[in-house]
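Here the structure is laid out as structure tokens; the discussion comes afterwards.
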Amino acid sequence: MTPQALQRILEGALMAAQRPLSLKEMESLFPEAERPGRDELKAALAALEQSCEGRGYALRQVGSGYRFQVREELAPWVSRLWEEKPPRYSRALLETLALIAYRQPITRAEIEEVRGVTVSSQIIRTLTEREWIRVVGHKDVPGRPALFATTSGFLDYFNLSSLDDLPTLAELRDP
Amino acid sequence: MTPQALQRILEGALMAAQRPLSLKEMESLFPEAERPGRDELKAALAALEQSCEGRGYALRQVGSGYRFQVREELAPWVSRLWEEKPPRYSRALLETLALIAYRQPITRAEIEEVRGVTVSSQIIRTLTEREWIRVVGHKDVPGRPALFATTSGFLDYFNLSSLDDLPTLAELRDP
Amino acid sequence: MPAVPVARVRGEPLTWVPQDLYIPPDALEVILEAFEGPLDLLLYLIRRQNLDILDIPIAEITRQYIRYIELMRELQLELAAEYLVMAAMLAEIKSRMLLPRPAETEEEEDPRAELVRRLQEYERIRQAALDLDQLPRLERDIFQVAAQPPPMDQVRPLPQVELDELLRAFSQVLGRAEMFSHHQVQREPLSVRERMTRVLEALEGGRQVPFGALFTPEEGRRGVVVTFLAILELIKARMVDWVQAEVYAPIYLRPAGEMAQAEDGA
């Protein structure tokens with residue numbers, strides 16, 4: 001077997017394996033009669049490593065053997081393959097946000113009164129973490145409930161210069 | 001972005017993806033501002049294909065996009081990586097699959113008519129679970145039977161880029 | 001002469017083979033089980049004897065076919081009903097072939113035509129299945145390349161919301177609350193509600209702010225009116241308190257209930 005043929009076989013096996021391959025595993029790819037020696041194997045791996053220079057991946061030795069790895073500097077592009085589809089907000093969340101936007105400053109109890117159902121803490125937390133709403137004060141009634149209002153981050157996200165730019169219900173009815 | 005940089009990114013992504021990538025998916029690796037055009041993309045893929053010459057793998061276009069695959073002639077060595085034998089498929093399954101591939105969209109009754117025997121539900125289930133076939137509609141006859149067709153996963157598995165690549169059916173002689 | 005088993009079928013010795021069946025004995029069971037149905041069996045019989053599919057000697061083939069079925073029954077191989085249907089069809093064709101054909105109906109179709117058509121169609125698909133099996137395929141001849149992806153910071157995209165989704169949500173919730181009225185919408189300019197938020201922000205942290213400091217004269221008359229309305233709303237809704245030490249002294253605004261709390265604590 002020529003060094004080139006050996007190199008090609010090793011490359012193919014390392015590319016197909018989906019796990020690191022030890023030298024022993026690489027040896028076992030060959031029937032005994034044509035099994036390369038350790039030195040031959042290592043020389044082929046070194047040549048393989050060199051041949052990847054300038055390519056999108058590299059041969060790396062890790063704990064359990066050798067594997068091909070996509071180059072780290074390509075992560076910004078490659079990672080987009082796994083980018084999750086953005087989840088969608090629930091109707092409850094959107095209604096809560098809408099009430100805070102259109103009726104601010106507003107307490108949770110007032111939101112619940114209009115919506116007819118409880119507003120989960122999770123929704124308030126999500127909207128707060130997104131920095132779309134914040135507590136701007138407390139109402140002077142028993143329990144001193146927090147007053148929620150939208151933030152400038154909210155305006156920025158929806159590309160509004162002020163709340164006055166929010167569409168009115170009339171716009172919904174006559175598009 | 002230089003053609004070399006584009007090529008490296010595509011190579012890295014195709015290596016990391018573990019499945020074929022469509023041109024659209026490749027485009028989505030880039031933020032809009034630096035997104036390459038279709039022609040640029042195809043030129044980079046052509047260059048990439050060339051650069052693999054003499055290596056252990058090749059770029060190939062299959063049903064759902066482009067993928068790197070280990071060269072066929074290396075299969076005798078590479079297949080030793082796995083102890084399990086690759087699955088074998090029964091004639092009944094292959095004939096059913098062939099009918100769906102060549103005569104799609106087709107109902108189960110139509111398959112049975114050509115084969116002269118009942119098609120077992122097990123076969124339809126296996127083909128569906130492997131994602132080689134799917135129901136693409138219902139025939140407008142009593143009972144509204146399902147119409148089966150092959151998927152791009154079928155093309156991927158059998159290393160075809162389109163149904164046109166299927167071996168041609170034998171010619172019929174007139175009685 | 002002692003009966004020497006010519007084959008073993010399901011472990012049982014088989015001592016006879018139908019005379020006109022020419023099968024390597026040890027392959028018998030395998031062959032019998034391997035038929036994919038009556039068409040497959042017929043094709044086997046035809047091809048084995050190099051017969052022309054377009055001119056099948058129907059009497060002979062029917063005889064052989066029925067012998068096979070009998071053999072399969074004898075060996076208790078599972079026999080699909082389709083085999084019997086085909087036997088009946090063959091018998092029917094045979095009898096129609098025997099009938100003399102009147103001259104004027106020369107155009108009549110050969111009784112074998114339908115069978116020939118089906119055999120040809122099935123043979124094509126049988127071949128197509130073999131071809132399919134020969135295609136290089138994943139897991140056997142083709143291996144998908146997979147390199148280790150680079151270490152990545154997993155970006156979790158946040159849900160996107162469109163402005164009209166927000167408006168639709170608002171209209172739905174109001175509709176449900178039966179508060180949907182054009183009148184109400186016009187009566188409540190959002191600028192006032194926004195200003196209420198701004199005033200509350202100005203008071204944040206329990207600060208006490210002079211009434212006058214909340215106005216921005218540069219905004220003009222309209223701006224001043226909006227602020228004033230906002231403050232009135234806030235006071236009415238008990239969102240802010242206002243305090244005046246004595247008549248004509250400066251008026252201060254502070255977050256609602258702050259003083260009460262401080263007094264409680266004292």
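Just so it is clear: chains get the letters A, B, ... in the order the sequence lines come, proteins before strands, and each one is counted from 1.
- Taking the side chain as every heavy atom from C-beta outward, A:R130 and C:P159 approach each other to under 4.5 Å.
- The two atoms that bring C:E162 and A:F158 nearest to each other are C-CE2, 3.9 Å, heavy atoms only.
- The contact between C:R198 and chain A is made entirely by side chain atoms (from C-beta outward), counting heavy-atom distances below 4.5 Å.
- More than 12 non-hydrogen atoms from other residues, nucleotides or ligands lie less than 6.0 angstrom from CD of C:Q49.
- The environment of CD in A:E73 is crowded: more than 12 heavy-atom neighbours from other residues, nucleotides or ligands sit within 6.0 Å.
- Looking at A:R19, there are no atoms closer than 4.5 Å to chain C (heavy atoms on both sides), in backbone or side chain.
- With contacts defined as side-chain heavy-atom distances shorter than 4.5 Å, the pair A:P167/C:D164 does not qualify.
- Residue with the most contacts toward chain C among A:A16, A:A98, A:A149: A:A98 (heavy-atom pairs, distance under 4.5 Å).
- Each of A:L97, A:L99, A:L94 was checked for a side-chain contact (heavy atoms from CB on, under 4.5 Å) with C:F170, and the lone residue meeting it is A:L99.
- In this structure, the separation between CE on A:M15 and CD on C:Q144 is 11.5 Å, given to the nearest 0.5 Å.
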A:D140 vs C:V240, test: side chain to side chain contact (heavy atoms under 4.5 Å, CB included). Steps then yes/no. CA-CA 7 Å; A:D140 190 18; C:V240 299; over 6 Å; no
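- Contact check for A:R91 versus C:Q172: side-chain heavy atoms found under the 4.5 Å cut-off.
- Checked by atom type and distance alone, the side chain of A:D164 pairs as donor or acceptor with a backbone atom of C:S191 at under 3.5 Å.
- Counting heavy-atom pairs under 4.5 Å between each of A:K139, A:Q104, A:Q18 and chain C puts A:Q104 at the top.
- Between A:H138 and C:P255 the shortest side-chain heavy-atom distance does not fall below 4.5 Å.
- Residue C:F228 qualifies as open at atom CZ: its count of foreign heavy atoms under 6.0 Å is 12 or below.
- Neither the backbone nor the side chain of A:L81 has a heavy atom closer than 4.5 Å to any heavy atom of chain C.
- Remark: C:M239 CE to A:I106 CD1 distance equals 8.0 Å, nearest 0.5 Å.
- Heavy-atom distances place no part of C:L203 under 4.5 Å from chain A, backbone and side chain included.
- For A:R67, the part lying under 4.5 angstrom from a heavy atom of chain C is the side chain only.
- Taking CG of C:L166 as the start and CD1 of A:I100 as the end, the distance is 10.0 Å to the nearest 0.5 Å.
- Put simply, the side chain of A:R144 gets close to the backbone of C:A256: a donor and an acceptor are under 3.5 Å apart.
- In this structure, A:E72 places its CD atom where only 12 or fewer heavy-atom neighbours from other residues, nucleotides or ligands lie under 6.0 Å away.
- Between A:F148 atom CZ and C:T197 atom OG1 the span is 12.5 Å, to the nearest 0.5 Å.
- Highest contact tally toward chain C, considering only A:V78, A:T107, A:V141, A:T150, is held by A:V78 [criterion: heavy-atom pairs under 4.5 Å].
- Highest contact tally toward chain A, considering only C:E233, C:M196, C:E204, is held by C:E204 [criterion: heavy-atom pairs under 4.5 Å].
- At most 12 heavy atoms of other shown residues, nucleotides or ligands fall within 6.0 angstrom of atom CZ in C:R221.
- Using a 4.5 Å cut-off on side-chain heavy atoms (C-beta onward), A:L155 and C:E194 make contact.
- Looking only at side-chain heavy atoms (C-beta outward), A:V70 and C:P149 stay at 4.5 Å or farther from each other.
- C:L158 contributes atom CG, which lies 8.0 Å from atom CH2 of A:W132 (distance to the nearest 0.5 angstrom).
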